[in-house]
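One structure is given here, and the rest of the page talks about it.
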Amino acid sequence: MIEIKAIHKAFGKNEVLKGVDVKVNKGEVVVILGPSGSGKTTLLRCINFLEKADDGELTIGETNIKFKHAAKKDILKVRRQTAMVFQTYNLFNNKTALENVMEGLITARNVPRNEAEKLSLKMLDKVGLSDKYNAYPNQLSGGQQQRVGIARALALNPEVILFDEPTSALDPELVGEVLTVMKNVAKEGMTMIVVTHEMSFANEIASRVIFMDGGVVVEEGTPHEIFNHPKEERTKLFLRRIVPDWNYVI
């Protein structure tokens with residue numbers, strides 16, 4: 001289980017997160033929607049301490065941390081329980097697909113090299129890249145690079161994987177292959193928090209959908225509730241703009 005309480009984050013005078021509460025149970029897939037600037041990505045980055053929140057607290061399993069007072073050992077503990085899949089892959093260009101997946105296991109988890117290699121091969125197989133072990137990022141399509149990123153996250157065996165708009169940098173024809181891998185991961189029971197504009201994915205896979213705007217949670221519910229019976233006018237306006245022919249059910 002992961003729970004964020006009253007998280008605040010400002011960049012200078014710009015308050016990006018204004019006391020957000022989010023709870024995700026083990027095995028849930030929670031999709032976060034919202035316009036640009038709503039705080040979605042900042043929330044993920046604060047969970048993983050890529051940004052340090054100004055206030056609030058984080059609980060992952062038995063670990064509870066006050067953001068304001070988080071020490072290096074606390075941050076390390078959280079990072080050992082989380083993994084992040086980025087918009088732009090964040091692969092090492094001088095390393096093969098296999099080496100990219102192995103890197104975190106060896107350097108951050110101190111896994112022996114032969115064990116790291118076996119696990120990394122297994123994860124690359126899982127994401128459909130058994131023929132790309134020795135390919136470098138510049139030899140892979142965007143979709144394949146993102147699948148390497150997912151394999152890297154899976155290899156760490158985290159409590160939760162954070163996905164930050166994982167298909168936004170892809171050509172439209174490559175989106176499907178990444179979403180298929182994500183659906184398979186979700187079906188295996190991985191806890192996932194996904195920031196995305198892929199509405200069909202959210203509708204099909206999400207346990208819950210959270211709509212954010214202006215640094216707060218405007219509304220949350222099941223996909224059916226959010227897409228068919230939204231309560232808030234701001235949610236309805238967002239769906240009208242982003243979903244072709246959207247019309248909510250009264």
Side-chain angles (χ1 to χ4, degrees), residues 1-2 24 26-27 41 44-52 58-63 65 70-167 169-170 174 177-178 180-182 184-195:
M1 184 271 288
I2 178 169
V24 182
K26 186 174 179 61
T41 291
L44 290 193
R45 291 178 65 84
C46 285
I47 292 171
N48 204 32
F49 283 91
L50 294 172
E51 302 284 354
K52 190 171 182 181
L58 169 68
T59 301
I60 300 182
E62 301 299 316
T63 302
I65 296 170
K72 286 185 178 180
K73 64 178 182 179
D74 299 319
I75 294 170
L76 181 60
K77 190 180 292 185
V78 169
R79 287 181 174 167
R80 283 178 172 165
Q81 297 178 80
T82 62
M84 193 153 179
V85 177
F86 299 89
Q87 295 181 35
T88 51
Y89 327 132
N90 281 30
L91 301 181
F92 294 104
N93 290 324
N94 63 336
K95 295 183 182 294
T96 64
L98 177 59
E99 290 168 338
N100 266 284
V101 178
M102 291 172 60
E103 182 69 18
L105 292 169
I106 294 171
T107 60
R109 301 292 175 86
N110 297 315
V111 176
R113 189 174 186 85
N114 63 330
E115 291 181 26
E117 182 173 348
K118 288 179 183 177
L119 179 57
S120 298
L121 291 171
K122 182 179 178 181
M123 292 304 106
L124 286 168
D125 290 347
K126 184 185 285 285
V127 300
L129 292 175
S130 56
D131 59 337
K132 299 295 182 181
Y133 298 153
N134 297 314
Y136 289 89
N138 65 4
Q139 298 171 315
L140 300 171
S141 70
Q144 290 168 335
Q145 290 184 64
Q146 192 59 291
R147 284 190 277 156
V148 174
I150 295 172
R152 177 178 58 190
L154 288 170
L156 296 173
N157 192 30
E159 293 293 321
V160 58
I161 300 181
L162 312 171
F163 291 84
D164 182 18
E165 299 196 32
T167 61
L170 299 178
L174 301 178
E177 65 186 66
V178 172
T180 296
V181 170
M182 291 174 64
N184 290 338
V185 171
K187 289 173 182 176
E188 291 182 358
M190 174 60 69
T191 307
M192 299 162 59
I193 304 177
V194 185
V195 169

TODO: Look up atom CG in N100 and atom CE in M102, then write down how far apart they are to the nearest 0.5 Å.
DONE: 11.0 Å
Task: Results of salt bridge (charged side-chain N to carboxylate O under 4.0 Å, His left out) for E159 - residues two or more places apart only - done: none
Task: Non-hydrogen side-chain atoms of E115 and L105 separated by less than 4.5 Å - done: no
Task: NZ/K52: more than 12 non-hydrogen atoms of other groups inside 6.0 Å - done: yes
- [ ] Can you see which heavy atom on K132 is nearest to which on A97, and at what distance?
- [x] O-CB, 3.3 Å
Output a table of donor-acceptor pairs, distance under 3.5 Å, between side-chain atoms of residues 86-95 and any protein atom two or more places apart or on a different chain; print 'none' if there are none.
from, atom 1, to, atom 2, distance (Å)
Q87, OE1, S168, OG, 3.4

Task: Identified side chain to side chain contact (heavy atoms under 4.5 Å, CB included) partner of K26 from the options I2, V160, T191 - done: T191
Task: ring pair (Phe, Tyr, Trp, His ring centres under 6.0 Å) involving F49 - partner list, sequence neighbours excluded - done: F67
Open item on the list: Keeping R109 on the side-chain end and L156 on the backbone end, is there a donor-acceptor pair under 3.5 Å?
Closed with: yes
Task: Atom pair CG (L162) and CD1 (I47), whose distance is rounded to the nearest 0.5 Å - done: 5.5 Å
TODO: Using atom types as modelled and distance alone, determine if a side-chain donor or acceptor of R79 lies under 3.5 Å from a backbone N or O of N48.
DONE: yes
TODO: Mind running side-chain contact (heavy atoms from CB on, under 4.5 Å) on L119 and V111 for me, showing each step along the way?
DONE: CA-CA 10 Å; L119 179 57; V111 176; over 6 Å; no
Task: From CD (E117) to CD (E99), nearest 0.5 Å - done: 9.5 Å
Task: Qualifying residue, where the test is side chain to side chain contact (heavy atoms under 4.5 Å, CB included) with P158 and the options are Q81, R80, M190 - done: M190
Task: Side chain R147, main chain V127, donor-acceptor under 3.5 Å - done: yes
Task: Nearest heavy atoms of S141 and L174, plus distance in Å - done: CB-CD1, 4.2 Å
Open item on the list: As an exercise, state the distance from NZ of K122 to NZ of K126, rounded to the nearest 0.5 Å.
Closed with: 6.5 Å
Open item on the list: I'd like to know if the side chain of Q146 reaches the main chain of P166, judged simply by a donor and an acceptor atom lying under 3.5 Å from each other, with no hydrogens or angles considered.
Closed with: yes
TODO: Report the distance from atom NZ of K77 to atom CG of L58, rounding to the nearest 0.5 Å.
DONE: 11.5 Å
Open item on the list: Quick one, I161 and I150 - any side-chain contact, counting heavy atoms below 4.5 Å?
Closed with: no
Open item on the list: Strictly distance-based, threshold 3.5 Å: is any side-chain N or O of D74 a donor or acceptor partner for the main-chain N or O of A71?
Closed with: yes
Task: Distance (rounded to the nearest 0.5 Å) between T96 OG1 and E103 CD - done: 10.5 Å
Task: Least distance between heavy atoms, G143 atom then L170 atom - done: N-CD2, 3.5 Å
Open item on the list: Could you check whether any side-chain heavy atom of Q139 comes within less than 4.5 Å of a side-chain heavy atom of Q144, counting everything from C-beta outward?
Closed with: no
Open item on the list: Determine whether D125 and Y133 satisfy the following criterion, side-chain hydrogen bond (donor to acceptor under 3.5 Å, both in side chains), listing intermediate values before the conclusion.
Closed with: CA-CA 9 Å; D125 290 347; Y133 298 153; 2.5 Å; yes
